[in-house]
Colleague: 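Structure provided below as structure tokens; questions to follow.
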Amino acid sequence: MTSRKFFALFIGCALVPLVAAKASLEMGLFSQTSVNKGEWLEHEIQLLPAASPMAAHWRLVYVRTSDCNHECDQALHAMQQLYTGLGRKQLNIEPLFLSAKEMPGLNQFPAINALVDTQPQIELDNQIVIVNQRGLVLLRYPVSGDGEQMKNVAKDIRTDLLRLMNYDRNGV
């Protein structure tokens, strides 16, 4: 084989996959669905300050700007059950309740710590969010007052949390 034939064959082998990939993207043959259950945020939101290196790597936060009602109780109960169900992986998670004011009755959810933020993120109101160690919100999940629907949301959160923990290179 001459050097010109080899060079043409080499260029052809390099360009054919690139052209095929570009064509499949342009024609919409590639499925753009994701495997996560929650909704990725479109822009960066710094919800919490960065955690210390010894703290939990992931934080599960329920954001509430108004008084707690039945929906709020359902969300906190789901977070408590989710945290309890994680078993030994609880060390990597810190469940938090972020509200504009103190909430009485949070002691019935012993795993959840309360944080008061006088100016919480309005766009995250009544949602459970997954926050990384740097304090950035990654995924959000809507909260419902229906207990059965909250069970499904908790399953979705668990699936995404376990996936994040498995792919995390900085966690324990």
Side-chain angles (χ1 to χ4, degrees), residues 21-22 24-26 28 30-69 71-86 88-103 106 109 111-146 149-172:
K22 178 72 173 165
S24 67
L25 285 174
E26 293 292 325
F30 179 73
S31 174
Q32 295 182 355
T33 60
S34 61
V35 294
N36 59 294
K37 310 287 186 180
E39 179 186 342
W40 288 101
L41 267 65
E42 296 293 322
H43 57 282
E44 247 182 42
I45 295 179
Q46 182 80 29
L47 186 65
L48 301 170
S52 69
M54 301 306 290
H57 196 74
W58 298 100
R59 292 178 271 183
L60 189 62
V61 183
Y62 176 50
V63 181
R64 184 73 181 193
T65 58
S66 60
D67 291 335
C68 204
N69 58 12
E71 256 184 5
C72 177
D73 286 338
Q74 287 289 330
L76 292 171
H77 178 72
M79 282 179 57
Q80 175 75 33
Q81 294 298 319
L82 175 66
Y83 181 75
T84 304
L86 285 173
R88 64 185 171 100
K89 294 195 180 227
Q90 289 176 352
L91 299 173
N92 297 331
I93 304 294
E94 180 183 9
L96 298 169
F97 175 66
L98 183 67
S99 66
K101 54 186 170 184
E102 295 273 337
M103 185 193 112
L106 194 62
F109 306 107
I112 301 172
N113 298 321
L115 288 176
V116 177
D117 186 2
T118 55
Q119 297 179 345
Q121 295 287 333
I122 301 294
E123 66 184 284
L124 298 176
D125 183 33
N126 204 30
Q127 295 184 22
I128 298 175
V129 294
I130 296 177
V131 180
N132 68 4
Q133 193 172 18
R134 293 184 192 103
L136 295 174
V137 177
L138 298 180
L139 291 164
R140 66 179 169 188
Y141 306 85
V143 170
S144 169
D146 180 31
Q149 198 170 7
M150 275 311 297
K151 284 181 186 177
N152 293 333
V153 170
K155 286 179 188 176
D156 293 346
I157 294 170
R158 178 182 167 83
T159 301
D160 288 344
L161 260 177
L162 291 175
R163 187 173 292 123
L164 285 170
M165 285 191 282
N166 285 338
Y167 290 118
D168 184 18
R169 296 182 190 273
N170 298 325
V172 180

Colleague: Test side-chain contact (heavy atoms from CB on, under 4.5 Å) on K89 and N166 and set out the steps.
Modeller: CA-CA 11 Å; K89 294 195 180 227; N166 285 338; 3.6 Å; yes
Colleague: Just how far is it from atom CG of N126 to atom SG of C72, taken to the nearest 0.5 Å?
Modeller: 7.5 Å
Colleague: Do you know which two heavy atoms are closest between S144 and Q149, and how far apart they sit?
Modeller: OG-OE1, 2.9 Å
Colleague: Closer than 3.5 angstrom, by distance alone: can the side chain of E44 be matched with the main-chain N or O of Q46 as a donor-acceptor pair?
Modeller: no
Colleague: Sequence neighbours excluded, which residues qualify as side chain to side chain contact (heavy atoms under 4.5 Å, CB included) partners of Q74?
Modeller: H70, M150
Colleague: Output, in order, the C-alpha distance, side-chain angles, deciding distance and verdict of side-chain contact (heavy atoms from CB on, under 4.5 Å) for R64 and N69.
Modeller: CA-CA 10 Å; R64 184 73 181 193; N69 58 12; 3.2 Å; yes
Colleague: Any idea which heavy atoms bring W40 and L138 closest together, and the distance?
Modeller: CE3-O, 3.3 Å
Colleague: Give the minimum heavy-atom separation between I128 and L60, together with the two atoms involved.
Modeller: CG2-CD1, 3.6 Å
Colleague: The test is side-chain contact (heavy atoms from CB on, under 4.5 Å); show your working for V131 and W58 and say whether it passes.
Modeller: CA-CA 6 Å; V131 180; W58 298 100; over 6 Å; no
Colleague: Quick one, V129 and L139 - any side-chain contact, counting heavy atoms below 4.5 Å?
Modeller: no
Colleague: Just how far is it from atom CG of D117 to atom OG of S99, taken to the nearest 0.5 Å?
Modeller: 9.0 Å
Colleague: Does any part of the side chain of Y62, heavy atoms only, come nearer than 4.5 Å to the side chain of M79, both counted from C-beta?
Modeller: yes
Colleague: Could you tell me if the side chain of V143 sits less than 4.5 Å from the side chain of V153, heavy atoms only?
Modeller: no
Colleague: When rounded to the nearest 0.5 angstrom, what distance separates OG in S66 from CG in D125?
Modeller: 5.5 Å
Colleague: Is any side-chain heavy atom of L124 closer than 4.5 Å to one of L47?
Modeller: yes
Colleague: Looking only at non-hydrogen atoms, find the nearest pair between I93 and A56 and report the distance.
Modeller: C-CB, 3.8 Å
Colleague: If we only count heavy atoms from C-beta on, is the D168 to H57 side-chain gap below 4.5 Å?
Modeller: yes
Colleague: Supply the atom-to-atom distance L41 CG to E39 CD, rounded to the nearest 0.5 angstrom.
Modeller: 7.0 Å
Colleague: Quick check: closest heavy atoms across D73 and F109, and the distance to 0.1 Å?
Modeller: O-CZ, 4.0 Å
Colleague: Quick one: CD1 on I45 to CD on E123, what's the gap to the nearest 0.5 Å?
Modeller: 3.5 Å
Colleague: Nearest 0.5 angstrom please: N113 CG to R59 CZ, how far?
Modeller: 11.5 Å
Colleague: Applying side-chain hydrogen bond (donor to acceptor under 3.5 Å, both in side chains), which residue pairs with at least one partner in residues 76-85 are found, sequence neighbours left out?
Modeller: none
Colleague: So which atom in A51 and which in A55 form the shortest heavy-atom distance, rounded to 0.1 Å?
Modeller: CB-CB, 3.9 Å
Colleague: Do L115 and V61 touch side chain to side chain, with heavy atoms closer than 4.5 Å?
Modeller: no
Colleague: Show me the donor-acceptor pairs, under 3.5 Å and distance only, between side chains in residues 154-163 and residues at least two apart or in other chains.
Modeller:
unit_1, atom_1, unit_2, atom_2, d
R158, NH1, G85, O, 3.1
T159, OG1, K155, O, 2.9
D160, OD1, K37, N, 3.1
D160, OD2, K37, N, 3.0
D160, OD2, G38, N, 2.9
D160, OD2, Y141, OH, 2.5
R163, NH1, V35, O, 3.4

